[in-house]
Every structure is written in C-alpha cells, then in structure tokens.
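Chain letters run A, B, ... following the sequence lines, proteins first and then strands; every chain starts at 1. Because the structure is predicted, anything quoted here is derived from the model rather than measured.
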Amino acid sequence: MCGHFAINYMKFKSLIDRYGLEIMPIEEIENIFNDAHYYPSHGDSHTLVPVVLETPQGRALDYFRWDIVPAWWNKPLKEKKFSSFNARSESLLEKASFKSAWQKRKRCIIPATCFFEWPDKKLASKDAERVEYRISLADQHIFSIAAIWDQCMLPGNEILKSCTIITVDANEKMLQIPHTRMPVILAPDAESAWLSPSTPAEAAAELLRQYPAEQMISAAHY
DNA sequence: CCAGACGTTGTT
DNA sequence: GTCTGG
DNA sequence: CCAGACGTTGTT
DNA sequence: GTCTGG
C-alpha cells in the first residue's frame with residue numbers, strides 16, 4: 001500500500017532539471033507550493049498531486065486528482081465508493097478501473113522525496129505498532145513513483161484527469177517494517193521508456209519491479 | 001443470466 | 001465499458 | 001484487520 | 001480451524 005507520500009518544496013523547484021521539463025505551469029507551482037516545506041498527499045483525500053508526463057508538445061508537469069477515476073465514470077464523484085489510490089501491478093490488465101488506462105499507455109510519474117508506511121498490524125511486534133516509517137532513497141533525492149492516469153467526463157461536461165500509484169510486493173527493506181506492499185519506484189534509466197507513448201504496455205510491465213532494498217532508507221517518523 | 005460493481009490494505 | 005457475484 | 005461464513009450453477 | 005468479504 002502507498003497512501004501517503006511527500007515532496008520537499010525546495011527540491012520541488014529542481015523538478016525542472018530533474019525531469020527535463022519542456023512545459024510547466026509556473027503559476028500553479030507558485031500558488032500551490034508557495035510556503036510549504038512539504039507537499040504531503042493522502043490517497044483518500046482526493047487531492048491534486050504533481051505528475052510528469054509526455055505530451056505531444058513535450059515533457060510536462062501537471063496536477064491530477066489522486067485517486068484515479070476511470071474513463072467510464074459519469075456520475076457525481078461523491079458517488080464513487082471504491083478505492084483506487086493504488087493499483088496492483090498484478091491487476092492492471094484485469095481490473096475495470098485500470099485496464100483501459102493501461103492499454104492506452106496513459107503512464108506518468110509522480111515525483112516524490114519520501115513516502116510513508118505503517119507497520120502491518122498483524123505482523124508487527126507490539127512495540128512497533130504505533131510508529132509510522134518514512135522511506136527515502138540513498139541514491140536519489142527526488143525519485144519517480146510509477147503511476148497511470150485517465151480522464152473522464154463528469155456531469156456538467158467537466159473533464160477530470162486523475163492518477164493512481166502502482167504497487168508491487170514488498171522487498172526485504174519494507175518487510176522489516178513490516179509491510180507487505182510498496183509503490184513501484186522507477187530507476188532513473190527506466191523513466192524515459194516508462195513515459196514514452198511508444199513503449200507498449202508489455203514492455204512497460206517489465207519496469208514494474210521492486211526497488212533495490214539496499215538503496216532504501218527507512219526511519220521512524222514521529 | 002443480468003444486476004451491480006468497478007479497489008487496496010489491513011492505522012491512507 | 002467490462003467484470004463479477006449471486 | 002476481523003467478523004462471519006464454511007456450497008453450487010449460471011436459461012433446469 | 002481456515003477462508004473470505006467488507
């Protein structure tokens with residue numbers, strides 16, 4: 001599960017270089033990230049999150065709703081009861097909420113500097129039960145969470161673009177927390193292939209792997 | 001068949 | 001639009 | 001996780 | 001006792 005991540009504000013400015021952005025909504029950056037040190041996001045709060053994606057005009061930064069609302073959705077958002085802030089990598093082809101976006105190659109990256117997980121209640125010792133962990137990477141300040149996006153038409157002809165984080169089984173580092181799932185973090189040399197619309201879904205699926213445990217840093221977050 | 005769901009974790 | 005649960 | 005089920009077929 | 005549905 002990955003329901004909470006953050007991006008450090010000062011490092012957020014460096015997204016331009018980090019991702020080679022060609023198109024960027026400057027005003028939105030100034031407005032949304034003005035005084036914040038962190039931009040924390042929770043999957044159940046329907047917030048806008050920053051996404052990097054390839055557009056016909058070039059590599060762009062945008063803000064999509066998290067969680068994803070599939071293309072067939074046409075009712076008021078408040079009637080959406082199912083959860084879709086995470087998409088199991090194993091389910092992309094079989095779930096009605098993800099299949100279309102996945103096959104249409106609507107892939108994007110959610111930039112982050114850390115994410116948070118709680119110990120699994122069933123697996124954790126009593127001592128660990130109340131401590132949330134913050135996970136960051138030793139080899140990347142800003143890293144890329146693999147995500148897919150979609151758009152739908154809401155009542156009133158409003159177009160909504162939205163996204164979801166892809167998850168895989170936990171690696172050894174995450175199991176120590178203990179936690180059984182983790183977001184897909186792309187290696188830097190996999191980012192272009194992930195974002196490119198010319199990469200078929202079958203090839204993109206090869207990139208959905210566990211990040212190396214030895215590069216992950218977890219610390220109790222009080 | 002066909003009405004109803006459409007999702008993931010397990011402390012978002 | 002497509003899947004699934006009864 | 002934890003409460004509740006613990007079974008089968010799908011036009012008989 | 002173990003699976004599953006929410």
Exercise for review: Assess the pair A:H221 and A:F116: is the distance between their ring centroids shorter than 6.0 Å?
Suggested key: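 Ring centres of A:F116 and A:H221 closer than 6.0 Å.
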Check your understanding: Which nucleotide, C:dT2, B:dT8, B:dT12, lies nearest any side-chain atom of A:H4?
Key -> B:dT12
Point to revise | Salt-bridge present (A:R59, A:E22; N to O < 4.0 Å) | key: no
Exercise for review: Flag the pair A:K95 and A:E90 as a salt bridge only when some basic side-chain nitrogen lies within less than 4.0 angstrom of an acidic carboxylate oxygen.
Suggested key: no
Practice item. Please report, rounded to the nearest Å, how far the P atom of B:dT12 is from the CZ atom of A:F5. Key: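 One finds 16 Å between P of B:dT12 and CZ of A:F5, rounded.
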Exercise for review: Would you kindly give the CD-to-P distance between A:E94 and B:dA5, to the nearest whole Å?
Suggested key: 20 Å
Point to revise | Nearest-Å distance once atom P is located in both C:dT2 and D:dG10 | key: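 Taking atom P in both C:dT2 and D:dG10, they lie 24 Å apart.
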Exercise for review: Write down the distance separating the P atoms in E:dG6 and B:dG4, rounded off to the nearest Å.
Suggested key: 15 Å
What's [X] touching, base or sugar-phosphate or nothing? Going by heavy atoms closer than 4.0 Å.
X: A:K81; value: base
X: A:S97; value: sugar-phosphate
X: A:S100; value: nothing

**Study point:** Residue A:Q103 excluded, over 12 heavy atoms near CD under 6.0 Å
**Key:**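 Yes - once you tally the heavy atoms of other residues, nucleotides and ligands closer than 6.0 Å, there are more than 12.
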Review point. Does A:W72 stack onto the base of B:dC6, taking stacking as ring centres under 5.5 Å apart and planes under 30° apart?
Key: yes
